[in-house]
Amino acid sequence: MKILIKGGRVVDPVAETEKNLDVAIEDGIIVEFGNNLKEDSAEVIDAVGMLVAPGLIDMHVHLREPGYEAKETIETGLKAAVRGGFTGVACMPNTKPVADNQTVISYIIDRTSGLGLARVWPIGAITRGSKGEELAEMADLKKAGAVAFSDDGQPVTGAGIMRRAMQYARMVGLTIIAHCEEPALVAGGSMHEGFMSTRLGLKGIPGAAEEVMVARDIILSELTGCPLHIAHVSTAGSVRLVKEARARGLKVTAEATPHHFTLTDQAVEGYSTSTKVNPPLRGEEDVAAVRQGLADGTIDVIATDHAPHTPEEKEVEYDRAPFGMVGLETAVGLVWSELVESGILTPARAVAKMTINPARILGIEKGIIQPGAVADITVIDPAREEVVNPNEFASKGRNTPFAGRKIKGLPVLTMVGGKIVFSRL
Amino acid sequence: MGLRKKDLLGLEHVETDEISLILDTAASMKEIIGRQIKKVPTLRGKTVVNVFYEPSTRTRTSFELAAKYLSADSVNISASTSSVVKGESLKDTSATIAALGADVVVLRHPMAGAPGLVANTVKAAVINAGDGAHEHPTQALLDMFTVRERKGGLEDLKVAIVGDILHSRVARSDIWGFTKMGARVSVCGPSTMLPPGLEKMGANVLENMEDALLGADVIIMLRIQLERQQQGLFPSVREYARLFGLNREKLALARPGALVMHPGPMNRGVEISPEVADGTHSVINEQVTNGLAVRMALLYLLAGGGTQ
């Protein structure tokens with residue numbers, strides 16, 4: 001089985017280059033780069049005017065299975081992933097039961113194989129039941145296939161257990177992904193604390209609720225030598241803390257979500273629960289700082305924090321609605337519209353934040369486009385536009401604040417292991 | 001003219017000419033309340049449903065009587081005795097009320113934004129009778145009505161709102177309403193109860209009560225919920241009363257004819273001393289009567305009596 005992607009511009013996030021090259025794929029492997037490669041009997045994909053990138057990786061996704069299949073299943077989540085241009089996702093362990101044991105990790109891996117969609121790298125829990133009390137069996141989790149540890153959705157509240165978790169994770173050799181939130185400062189809040197929360201009469205969550213935990217976890221990472229990845233950075237203060245840590249040579253990385261670099265707390269006007277997310281949509285200065293952090297490399301990764309919920313759960317009072325929004329199927333369009341079109345990131349650097357950078361953090365051999373590599377490839381049409389219509393989503397979740405928004409720069413073909421798993425060419 | 005929207009969800013998005021219309025209409029309604037026979041047939045055949053998810057005496061009674069005086073049929077639903085306790089969602093409860101043929105839904109709810117959710121679900125007019133810490137527009141309208149009646153107008157008056165601004169829907173509606181009508185509003189309370197961005201709403205923010213009272217024409221005292229002490233928002237009732245309670249000495253800082261108001265229920269001896277609550281400056285009982293007039297005006301304007 002031969003495939004030839006012809007006339008596209010190959011984006012290499014490692015070399016940070018873009019070159020006009022044809023890409024020949026055979027038996028699931030990239031076999032050749034070149035100009036005017038012979039078509040022979042290959043299936044030809046016309047990629048003129050398009051970008052050919054290594055398969056995109058979303059390192060922060062909630063697939064909800066097992067336990068919350070009404071919100072999403074592994075299958076619908078992965079259909080959403082490939083429709084969004086992702087050839088692989090790392091899924092968070094806050095399922096029911098929590099992925100704090102080998103069985104759940106194995107179940108997720110089993111459910112994925114045979115679907116012929118995106119790859120899945122499970123993330124194991126830091127603590128048993130993500131309760132923040134006892135350590136999960138990290139070495140066993142790694143053996144079963146976990147690529148990192150996180151109690152995402154909840155902070156690890158106690159500094160003592162987080163210290164031990166980092167010491168242990170360092171020994172096991174995987175990164176801790178921290179959901180940074182001080183519960184005493186969140187205190188039942190449901191949106192960013194500022195003029196908008198005052199106006200709307202909703203309880204605010206100050207930026208400090210995130211920042212005190214970011215600071216604590218950086219300090220503990222320094223103490224223990226454990227690589228630390230800060231999930232969904234949302235405030236100017238967090239960006240500053242990560243930047244300082246990096247300047248001191250600490251093993252600290254960070255991610256930002258499309259919603260945090262695109263929307264401010266202004267979006268909460270009208271109390272649409274699709275804007276309710278944790279951490280909350282922040283103020284203008286925060287959004288500017290996140291964009292700056294993406295531009296200067298402080299923020300290594302763009303990840304969606306894809307968090308589907310059912311309409312029944314979201315069609316309630318703002319305070320009562322669960323936190324979270326879907327993101328897989330709007331991410332690339334938002335990255336292109338908000339960051340590439342405006343010159344904040346070059347295509348190669350944007351692609352790096354969704355390929356090689358998360359791959360390195362998770363310790364997986366992905367994010368590379370070169371002869372000899374497995375053919376996980378995403379083709380992006382930078383000129384293609386669409387108006388976001390949640391009814392077209394492959395995800396079960398419709399909870400997006402971007403419905404009706406025009407985005408430009410869309411994934412048009414997703415290939416996993418040499419097989420086309422999604423195309424709208 | 002009539003009101004531009006089918007609902008009254010808050011004063012932030014109501015225009016000044018609409019506020020004037022409501023207050024003028026309330027003046028006519030107040031005349032009816034003063035009659036021997038207080039019933040007019042204006043809203044005969046209309047149905048008003050009062051849905052209260054929080055306890056309330058004066059607001060609920062006020063709406064109920066307002067509907068009765070205008071000859072509308074009114075029904076009260078309280079969360080504790082309805083299918084809400086069986087876990088029915090607000091959206092489904094709204095659809096049920098709509099299906100029963102309500103013309104006006106009056107909603108009191110502990111969560112901000114809930115009336116908007118109902119307004120999007122039902123064709124009936126929705127009146128916000130207080131939602132979380134968001135707005136309580138009918139309270140602000142009755143406050144404005146009371147001041148306008150006593151002072152002849154609202155423009156350039158100095159209004160001081162004192163107390164727990166953070167949790168107060170009354171404060172937010174009063175800030176929007178009074179500033180729209182040309183009054184100058186100061187808000188004052190302990191630093192722990194002054195949320196960010198009040199200046200952007202048009203209020204002057206003060207932490208010292210004496211500064212807020214100096215030269216004030218109107219003083220609106222807010223109820224302090226005593227359990228806020230356990231949340232670390234103030235150290236003791238004693239200290240709160242000393243710093244932010246209204247007594248005769250502090251009242252002397254205000255203009256001679258200053259009005260003292262309180263949305264009720266009062267904590268006598270905490271945010272307001274009994275002598276001030278019952279004193280010559282106090283218009284607290286008048287506020288209650290005027291609340292009835294304002295709610296009659298709103299039912300009239302929104303139930304078809306005055307919409308275009």
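The figures here come from the full heavy-atom set of this structure, side chains too, leaving out hydrogens, waters and symmetry mates. Residue numbers start from 1 in every chain, and the chains themselves are labelled A, B, ... in the order their sequence lines are given, proteins ahead of strands.
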S.K.: Look at B/M201, B/H167, B/Q231, B/R172 and state which one has the largest set of heavy-atom pairs under 4.5 Å with chain A.
M.R.: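 The candidate making the most pairs under 4.5 Å is B/R172.
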S.K.: Let me know if B/R169 has heavy atoms under 4.5 Å from chain A in its side chain, its backbone, both or neither.
M.R.: neither
S.K.: Is it the backbone or the side chain of B/E135 that comes under 4.5 Å from a heavy atom of chain A, or both, or neither?
M.R.: neither
S.K.: Check each of A/H179, A/H232, A/E255 against A/H60 using the side chain to side chain donor-acceptor pair (under 3.5 Å) test, and report the only one that passes.
M.R.: A/E255
S.K.: Is the terminal nitrogen or CZ of A/R291 (NZ for Lys, CZ for Arg) located under 6.0 angstrom from the six-membered ring centre of A/F261 and within 45° of that ring's axis?
M.R.: no
S.K.: What part of B/H109 lies closer than 4.5 angstrom to a heavy atom of chain A: side chain, backbone, both or neither?
M.R.: side chain
S.K.: Atom CZ of residue position A/R240 - does it have more than 12 heavy atoms of other residues, nucleotides or ligands inside 6.0 Å?
M.R.: no
S.K.: Checking heavy atoms, do the side chain of B/K200, its backbone, both or neither come under 4.5 Å from chain A?
M.R.: both
S.K.: A/E181 side chain to A/V186 main-chain N or O, any donor-acceptor pair under 3.5 Å?
M.R.: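 Checking the backbone N and O of A/V186 against the side chain of A/E181, no donor-acceptor pair under 3.5 Å is found.
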S.K.: May I ask you to name which of A/E315, A/E193, A/R199 has the most heavy-atom pairs under 4.5 Å with chain B?
M.R.: A/R199
S.K.: Under 4.5 Å from any heavy atom of chain B, what part of A/Y271 do you find: side chain, backbone, both or neither?
M.R.: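 Just the side chain, heavy atoms under 4.5 Å.
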S.K.: Would B/H136 and B/H134 count as a ring-ring contact (aromatic ring centres under 6.0 Å, His included) here? Give the steps.
M.R.: CA-CA 7 Å; B/H136 191 353; B/H134 176 224; over 10 Å; no
S.K.: Does the B/K180 side chain pair with the main chain of B/E12, one donor and one acceptor, at a distance under 3.5 Å?
M.R.: yes
